[in-house]
S.K.: 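I have a structure I would like to understand better, so I am pasting it below and will then ask my questions one at a time.
In this chain, numbering begins with 1 at the start of the sequence shown. Computation of the quantities below employed the complete heavy-atom set of this structure, encompassing side-chain atoms and omitting hydrogens, waters and symmetry-equivalent molecules.
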Amino acid sequence: LPDPSTGVRIVRLADGTRRPMTPLEKDRYQRLTGTAYRELLNEKGPQLLQMDPEDAKDYLLKITKRLRDRAAVQAVR
């Protein structure tokens, strides 16, 4: 089956080098990101539904970037 993710996540290691995630790290990253998204929507869902759509979009773009970055760091540990 084809890989559903078209992008390759590049990670920066502690020594400053950059490299693509391994398949195992990518799988862990996807699981961590999915869990974080689910928790975010469970916690903030009602609040997001009451926001102006553009404000909700901006908020989600900002917070999900943080969640993805955090998941990437955790995935390569």
S.K.: Does the pair Asp58 and Lys62 meet the rule for a salt bridge (Lys or Arg N to Asp or Glu O under 4.0 Å), with working shown?
M.R.: CA-CA 6 Å; Asp58 292 341; Lys62 182 173 76 171; over 6 Å; no

S.K.: So do Thr35 and Arg38 actually touch side chain to side chain, heavy atoms under 4.5 Å?
M.R.: yes

S.K.: More than 12 heavy atoms of other residues, nucleotides or ligands under 6.0 Å from CG of Leu61: yes or no?
M.R.: yes

S.K.: Under a single-linkage definition using a 4.5 Å side-chain heavy-atom cutoff for Ile, Leu, Val, Met, Phe, Trp and Tyr, are Leu60 and Leu67 assigned to the same hydrophobic cluster?
M.R.: yes

S.K.: Roughly how far apart are Arg31 CZ and Gln74 CD, rounded to 0.5 Å?
M.R.: 12.0 Å

S.K.: With sequence neighbours left out, what residues match Arg68 under side-chain hydrogen bond (donor to acceptor under 3.5 Å, both in side chains)?
M.R.: Tyr37, Thr64

S.K.: Salt-bridge test for Asp69 and Lys65: reply yes if a basic N is under 4.0 Å from a carboxylate O, no otherwise.
M.R.: yes

S.K.: Take Arg77 and Glu25, measure what salt bridge (Lys or Arg N to Asp or Glu O under 4.0 Å) needs, and give me the verdict at the end.
M.R.: CA-CA 9 Å; Arg77 283 187 183 162; Glu25 290 169 341; over 6 Å; no

S.K.: Rounded to the nearest 0.5 Å, what separation is found between the CZ atom of Arg28 and the OG1 atom of Thr33?
M.R.: 11.0 Å

S.K.: Find out whether Arg12 and Thr17 are in side-chain contact, i.e. whether some heavy atom of one side chain is under 4.5 Å from a heavy atom of the other.
M.R.: no

S.K.: Would you find more than 12 non-hydrogen atoms of other residues, nucleotides or ligands less than 6.0 Å from Arg70 atom CZ?
M.R.: no

S.K.: State yes or no: do Leu32 and Val73 share one hydrophobic cluster built from I, L, V, M, F, W and Y residues joined by side-chain heavy-atom distances below 4.5 Å, directly or via other members?
M.R.: no

S.K.: With side chain to side chain contact (heavy atoms under 4.5 Å, CB included) as the test, would you mind laying out the steps for Val11 and Arg19 before giving the verdict?
M.R.: CA-CA 6 Å; Val11 293; Arg19 65 163 176 79; 4.0 Å; yes

S.K.: To the nearest 0.5 angstrom, please state how far the CG atom of Leu40 sits from the CZ atom of Arg66.
M.R.: 11.0 Å

